[in-house]
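Here the structure comes first, spelled out in structure tokens, and everything after it is commentary.
Treat the numbers as computed from the prediction; the structure is a model and nothing was measured.
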Amino acid sequence: MSAASASDVTNVVSGQQPGLSHVAIIMDGNGRWAKARGLPRAAGHERGVEALRRTVEAAGEIGIRYLTVFSFSTENWRRPAAEVNALFGLLKAYVQRDLARLTQEGVRVRIIGQREGLPDDVAALVDKAERTTAANTKFYLTIAFNYGGREEIARAARRMALAVEAGDLKADEIDETRLGHFLDTEMLPDPDLLIRTSGEYRLSNFLLWQCAYSELVFMDVLWPDFDRACLEEALAKYQERERRFGAISPGAY
């Protein structure tokens with residue numbers, strides 16, 4: 001780590017430095033990782049699952065309580081069918097292989113995004129993962145799968161409109177807090193830090209509402225190579241930031 005020591009990172013998540021409880025990650029670069037090695041894209045996605053396992057373990061050990069990762073976007077349906085099916089298969093493999101361990105370690109698993117259109121076996125496994133880990137409170141792993149930020153906000157707006165039509169909600173009661181309760185992430189705090197790998201500098205329709213005041217860290221590493229050292233580097237960069245939420249720094253005047 002270049003900017004801070006491991007103890008500094010621990011201080012960030014323990015509250016001794018400006019607090020951090022929720023990290024979101026856009027896991028990007030699987031295809032480029034595979035191409036650089038002359039491998040099929042599916043091999044990159046498989047190695048990406050291994051990186052996710054490392055990251056979940058490291059985040060828990062460091063003391064992060066909430067981790068949200070972008071796995072499959074609503075736009076990813078435009079990819080070749082074989083790759084889409086491979087991504088579905090990897091989600092199934094991850095849940096089937098890791099669910100017992102995650103449950104034992106107190107991890108609550110949630111999958112956010114559209115359920116409509118998912119293959120029946122994938123939808124059933126998603127439901128099983130959420131039911132099995134529903135009582136866990138030590139660590140919250142949220143996987144955004146078949147997810148798009150604009151689509152999520154649109155769904156929230158439709159649900160609020162239906163509540164108004166039913167008389168359960170008044171139009172003048174709608175504010176930022178109320179809308180937040182209609183989002184997929186209603187049980188989560190907003191991300192303190194958003195990490196994107198692969199050297200790209202955009203949000204790609206991920207947690208658009210929730211990341212309004214998140215600190216953004218963009219890293220050149222491709223996702224399959226992401227590890228604890230990369231996570232600690234991002235946390236060290238976060239530590240250097242001053243989060244003002246629209247206010248000014250103390251002593252600015």
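A distance-only check finds a donor-acceptor pair linking the side chain of Glu130 to the backbone of Ile111 [under 3.5 Å]. Remark: side-chain polar atoms of Asn85 are not paired, donor with acceptor, to backbone N or O of Ala82 under 3.5 angstrom. In this structure, the side chain of Arg241 engages the main chain of Leu216 through a donor-acceptor pair within 3.5 Å.
By the side chain to side chain contact (heavy atoms under 4.5 Å, CB included) test, Val164 pairs with Leu169, Ile174, sequence neighbours left out. When the side chain to side chain contact (heavy atoms under 4.5 Å, CB included) test is applied to Gln114, the partners found at least two apart in sequence or on another chain are Thr74, Glu116, Asn146, Glu151, Arg155. Every ring pair (Phe, Tyr, Trp, His ring centres under 6.0 Å) that Phe226 has, sequence neighbours left out, goes to Trp223. Every residue two or more places apart in sequence or in another chain that forms a side chain to side chain contact (heavy atoms under 4.5 Å, CB included) with Leu39 is listed here: Trp33, Ala34, Arg37, Ala43. Partners of Lys35 according to the side chain to side chain contact (heavy atoms under 4.5 Å, CB included) rule, which considers only residues two or more places apart in sequence or in another chain, do not exist here.
Cluster membership check: Val49 shares its hydrophobic cluster with Val69, using side-chain heavy-atom separations under 4.5 Å among Ile, Leu, Val, Met, Phe, Trp and Tyr. Tracing side-chain contacts under 4.5 Å through hydrophobic residues (I, L, V, M, F, W, Y), one never reaches Leu67 starting from Ile112; they form parts of separate clusters. Side-chain heavy atoms closer than 4.5 Å link hydrophobic residues (I, L, V, M, F, W, Y) into clusters, and following such links, possibly through other members, connects Val122 to Val84. Hydrophobic clustering, with ILVMFWY side chains joined whenever heavy atoms are under 4.5 angstrom apart, keeps Leu179 apart from Leu188. If you chain together hydrophobic residues whose side chains sit under 4.5 Å apart, Met27 and Tyr140 never meet in one group.
Using a 4.5 Å heavy-atom threshold, the side chains of Ile64 and Leu20 count as touching. Between Pro189 and Ser21 there is a side-chain heavy-atom pair separated by less than 4.5 Å. Counting heavy atoms from C-beta outward, Leu102 and Phe139 have side chains that stay 4.5 Å or more apart. Residues Val109 and Val95 are not in side-chain contact: their nearest non-hydrogen atoms beyond the backbone lie 4.5 Å or more apart. Looking at Leu183 and Glu152, their side chains come closer than 4.5 Å, going by heavy atoms from C-beta outward. The closest side-chain heavy-atom distance from Val126 to Phe145 is not below 4.5 Å. Put simply, the side chain of Arg196 does not reach to within 4.5 Å of the side chain of Tyr201, judged on heavy atoms.
Considering all non-hydrogen atoms of both residues, Thr103 and Asn136 come closest at O-ND2, 3.4 Å. Shortest non-hydrogen contact noted between Asp192 and Arg243 is OD1-NH1, 2.9 Å. Nearest heavy-atom pair across Pro191 and Leu207 is CG-CD1, 3.9 Å. The two residues Leu235 and Val23 come nearest to each other via the heavy atoms CD2-CG2, 4.3 Å. Of all the heavy atoms in Thr185 and Gln210, the pair that sits closest is OG1-NE2, 2.8 Å. Minimum interatomic distance between Asp225 and Arg54 (heavy atoms only, all atoms of both residues): C-NH2, 4.0 Å.
Separating the NZ atom in Lys138 from the CD atom in Gln104 is a distance of 10.5 Å, to the nearest 0.5 Å. Taking CD1 from Ile26 and CZ from Arg202, the interatomic distance works out to 9.0 Å, rounded to the nearest 0.5 Å. Atoms OG and OH, on Ser71 and Tyr147 in that order, are 13.5 Å from each other to the nearest 0.5 Å. Here CD of Glu83 is found 4.0 Å from CZ of Arg41. Values are rounded to the nearest 0.5 Å. Between atom OG1 of residue Thr132 and atom CG of residue Leu99 there is a gap of 5.0 Å, rounded to the nearest 0.5 Å. Distance SG/Cys230 to CD1/Ile25: 10.0 Å, rounded to 0.5 Å.
Under a cut-off of 6.0 angstrom, the local environment of CG in Asp175 is crowded, with over 12 non-hydrogen atoms contributed by other residues, nucleotides or ligands. Heavy atoms from other residues, nucleotides or ligands lying under 6.0 Å from CD of Glu173 number more than 12. Dense packing is recorded around CZ of Arg115, with more than 12 heavy atoms of other residues, nucleotides or ligands lying under 6.0 Å away.
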Item to check | Phe70/Asp28 under side chain to side chain contact (heavy atoms under 4.5 Å, CB included): CA gap, chis, key distance, verdict | outcome: CA-CA 9 Å; Phe70 201 8; Asp28 193 21; over 6 Å; no
Item to check | Steps toward side chain to side chain contact (heavy atoms under 4.5 Å, CB included) verdict (Asn205, Arg150) | outcome: CA-CA 7 Å; Asn205 202 19; Arg150 289 180 173 180; 3.5 Å; yes
Item to check | Thr133 vs Val107, side chain to side chain contact (heavy atoms under 4.5 Å, CB included): CA-CA, chis, key distance, verdict | outcome: CA-CA 7 Å; Thr133 63; Val107 177; 6.0 Å; no
Item to check | Stepwise side chain to side chain contact (heavy atoms under 4.5 Å, CB included) test for Glu46 and Leu90 | outcome: CA-CA 7 Å; Glu46 290 171 2; Leu90 287 173; 3.8 Å; yes
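Contact check on Arg110 versus Asp184 returns no salt bridge, with no Lys/Arg side-chain nitrogen under 4.0 Å from an Asp/Glu carboxylate oxygen. The residues Arg101 and Asp98 are annotated as salt-bridged, a charged nitrogen and a carboxylate oxygen being separated by less than 4.0 angstrom.
Among Lys237, Met219, Glu233, the one residue that satisfies the side chain to side chain contact (heavy atoms under 4.5 Å, CB included) test with Ile195 is Met219.
Sorted by first then second residue, the side-chain hydrogen bond (donor to acceptor under 3.5 Å, both in side chains) pairs that include residues 156-168, not counting sequence neighbours, number zero.
Using cut-offs of 30° and 60° on the angle between ring planes, the pair Phe72 and Trp77 is perpendicular.
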